[in-house]
Student: 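What follows is a single structure, and I will ask about it in a moment.
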Amino acid sequence: MDQTFSGQLVNLFAAFLLLIAFAMLSQRRVLTLIRLFAWQGAALAASTLIVAYSTGQTHLYFSAALAVLLKVMLIPWVLHRLIDRLQVRWDVETLINIPATMLIGIGLVIFAFALAAPISEMANTVTRSTLGIANASVLLSFLMMIVRRKAVPQVIGFLAMENGLFFAATSATYGMPLVVELGVALDVLVGTFIFGIFFFHIREQFDSLDIRHMEKLKED
Amino acid sequence: MEITLILGTPLAGALLLALVGHKRWAPELNALMSLVTLGAAGLLTARVISEGPITALQEQFFVDPFNVFLVALTAFVGFTTALFSRPYMRIEEHHGRVNPARLRLYHSMYQLFSFTMVLCLLSNNVGILWVALEGATLSTVLLVSLYRTPASLEAAWKYFILCSVGIAQALFGVILLYFAAEKVLGAGGTALLWTHLYEVRTQLEPTVLSLAFVFLLVGFGTKVGLVPLHNWLPDAHAEGPTPISAVLSGLLLNVALYAVVRSKVLVDGALERNFSGALMMGFGLLSVVIAAFFLSRQKDIKRMFAYSSIEHMGIMTFAFGMGGPVAAFAGLLHMSVHSLTKSAIFFTVGHATQTTGTQNMADIRGLIEQSPTIGWGLALGTLAILGMPPFGVFTSEFMVLTTAMHEHPWATPFLLVALGVAFAAIFGKVQPMVFGEASARRLPHPPALVPVFAHLAIVLVLGLYIPPYLVGWYRQAAAFIG
């Protein structure tokens, strides 16, 4: 596979990543949100695989495998089980209505590209043009965490942010050293489990996963 | 060898206590594990003093004067807090606030938290440092919500979300750092090793590094509790068990600041102007001033001392931001004395809230009459943290102030006003709690007050006379980061 072709393929997957980030912002249903998260993981793994193949960076194969295992299979499965057990199928409420959120999102993407432009020029990887996209998906996930009121979508926002960061690492530098990536993956996995435990505690205490109930601790 | 012991003991302790943490003797086992860690830290310190900086395990771990002093401090406070936690958690169990299953979780996570702290300090790999710091949040978050009250769940959720999002920003900073380093050091394992980065710091790309520093400061700064990223801190301190408040204030905040300072050293090498210093001074000063004004509005005793921690972390950040050997020396000294004093205060506060059954300051009265040691411990600790001579906090704050007068005179009035406001607020609230009519009940287990007075004695000694070898030690570390 020659460099330009693989570069274009990576760009394609990067575009998917950004599209999925927007889709998540606009999605009201929790189940679909989890499915989208799994697809984002798949796009991430595919682009990592292409970078690994075209540059011969063997450790990226591990990263790609890790992404498939963790982000496409394990975490979505855990989240599925959680919402089955908790029976939260209802629609997601947002703080700001969805069209307005999308407009803010577009603004964030422009900002992210402006921020990434000087760094992209310095990168000598085949994937440098995608750094802006990585940055944008981090910011979009951030936005999602801010505008969602329920605990589960907030967590998916957090996990999607980690996807964006992972993509930034592959696109700017061909991935971090393997030991660091393993450590980050471990943290994310443990974090997901703790979030899961939390959901039960919150539900037990408040009879709901709405974080509006958790705004009592304020300065008065 | 010592490094393996320091890292291995708390990790083994975490696994062991995950099995037996609910047994009657688990608190003693917890303290024993921390004691072994402290012993290993002592050995390591002695070795670094005699042999100089060392690296281990293919350079994945390193020890220099800066981190070895924090390792010793962390192990010491970890051990004394474990001693305090023995009667404290027994009394909590007696009062029915925790059950054996939660005690098992508590003991296991306490050791795991100690492990992440020392891993963070000893790791040469900036990526692993990040992983360990996130691990510290993960291990303490379920402890903040240990009592499962609505308020504690809310505090833990806030802590978890804010710190995870914050630390995600730091991960982006680490990625940018790696991106810059990879050009000089080549891809692969060595490009994130701090010792290698330090050697090539002048060749790193300045624009990338300045952007990286902004992300690192925001990310790690969330954990330091810098205003305006501090929202999680008072809640997490107030709602969790008191030993956890003590280690959060005494250890976690220090270690997060350590990560910021390590990043600053690299960025200062790459940049001509004092970009990182100015940012840190700004954040530090803002934290000092805002926290001081929030102090007077607090009703909950643990919340109040949590705000005091924000204030002191601000002073340290400001000191490290100023840079130079004197300010860095003051920052390091302040790190030590604040950590010791604040954990001592939380020990007494923990027992005071147990005797009176409330954290509301208006309902805590006459501690000296009920239990002189708790009362005097709180009174002396408060005087120490407010920077009264002859305690060590006075020495370090005095050094920060005089350096600020010399180099950044504009900042001095802000600092002085903030310290004055903090004094008025805290002293005015602690005085009626300590004196006055008693409103307390007896504790079912004798309180642990040896750690309190041990900490305060060390702080007092550091204020009167810092032993020469300790001065040399601080100086080496300060020269390194200043």
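Convention: sequence-line order gives letters A, B, ...; per-chain numbering from 1. Every value quoted in this text rests on a predicted model; they were computed, and no experiment measured them.
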Student: For the atom pair CG (B:Asn360) and NZ (B:Lys299), what is the distance rounded to the nearest 0.5 Å?
Tutor: 8.0 Å
Student: Please report the interatomic distance CD1(A:Ile156) to CE(A:Met24), rounded to the nearest 0.5 Å.
Tutor: 6.5 Å
Student: Please state whether the side chain, the backbone, both or neither of B:Leu142 comes within less than 4.5 Å of a heavy atom of chain A.
Tutor: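 Just its side chain gets close to chain A.
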Student: Is B:Ala155 in contact with chain A via its backbone, its side chain, both, or neither, using a 4.5 Å heavy-atom distance?
Tutor: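 Both parts, heavy atoms under 4.5 Å.
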Student: Atom OH of B:Tyr159 and atom CG of B:Leu143: how far apart are they, to the nearest 0.5 Å?
Tutor: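 Answer for the OH-CG pair, B:Tyr159 versus B:Leu143, is 9.0 Å.
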Student: Once you measure the plane-to-plane angle for B:Phe294 and B:Tyr307, does it fall in the parallel (<30°), tilted (30-60°) or perpendicular (>60°) bin?
Tutor: parallel
Student: Answer with side chain, backbone, both or neither: which region of B:Ser164 has an atom nearer than 4.5 Å to a non-hydrogen atom of chain A?
Tutor: both
Student: Any side-chain heavy atom of A:Phe113 sitting closer than 4.5 Å to one from A:Ile133?
Tutor: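 Yes. Closest side-chain heavy atoms under 4.5 Å.
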Student: Given that the side chain runs from C-beta out, which part of B:Phe160 has a heavy atom under 4.5 Å from chain A: side chain, backbone, both or neither?
Tutor: side chain
Student: Give, as side chain, backbone, both or neither, the part of A:Val138 having an atom under 4.5 angstrom from any heavy atom of chain B.
Tutor: neither
Student: Does any heavy atom of chain B fall under 4.5 Å from the side chain of A:Ala134, the backbone, both, or neither of them?
Tutor: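 Neither the backbone nor the side chain of A:Ala134 comes within 4.5 Å of chain B.
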Student: Are any of the side-chain heavy atoms of A:Phe16 and A:Ser47 separated by less than 4.5 Å?
Tutor: no
Student: What option among A:Leu178, A:Leu115, A:Asp187 has the most heavy-atom pairs under 4.5 Å with chain B?
Tutor: A:Asp187
Student: Do A:Val51 and A:Gln57 have side chains that approach each other closer than 4.5 Å (heavy atoms only, starting at C-beta)?
Tutor: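 A:Val51 does not reach A:Gln57 side chain to side chain.
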Student: Tell me, side chain or backbone of A:Glu204 under 4.5 Å from chain B's heavy atoms, or both, or neither?
Tutor: neither
Student: Quick check on A:Met176 against chain B: is it the side chain, the backbone, both or neither that has a heavy atom closer than 4.5 Å?
Tutor: both
Student: Could you tell me the separation between the CZ atom of A:Arg28 and the CZ atom of A:Arg148, rounded to the nearest 0.5 Å?
Tutor: 8.5 Å
Student: Between A:Phe199 and chain B, which part of the residue has a heavy atom less than 4.5 Å away: side chain, backbone, both or neither?
Tutor: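 Just its side chain gets close to chain B.
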Student: Below 4.5 Å from any heavy atom of chain B, which atoms of A:Ile197 appear? Answer side chain, backbone, both or neither.
Tutor: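 For A:Ile197, side-chain heavy atoms alone lie under 4.5 Å from chain B.
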Student: Taking the side chain as C-beta and beyond, is there a heavy-atom pair between B:Ile161 and A:Phe158 under 4.5 Å?
Tutor: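 Not touching, per the 4.5 Å side-chain cut-off.
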Student: With a 4.5 angstrom heavy-atom cut-off, could you sort out which part of A:Phe195 is near chain B: side chain, backbone, both or neither?
Tutor: both
Student: Please classify the contact of B:Ala180 with chain A as side chain, backbone, both or neither, using a heavy-atom distance under 4.5 Å.
Tutor: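 Neither the backbone nor the side chain of B:Ala180 comes within 4.5 Å of chain A.
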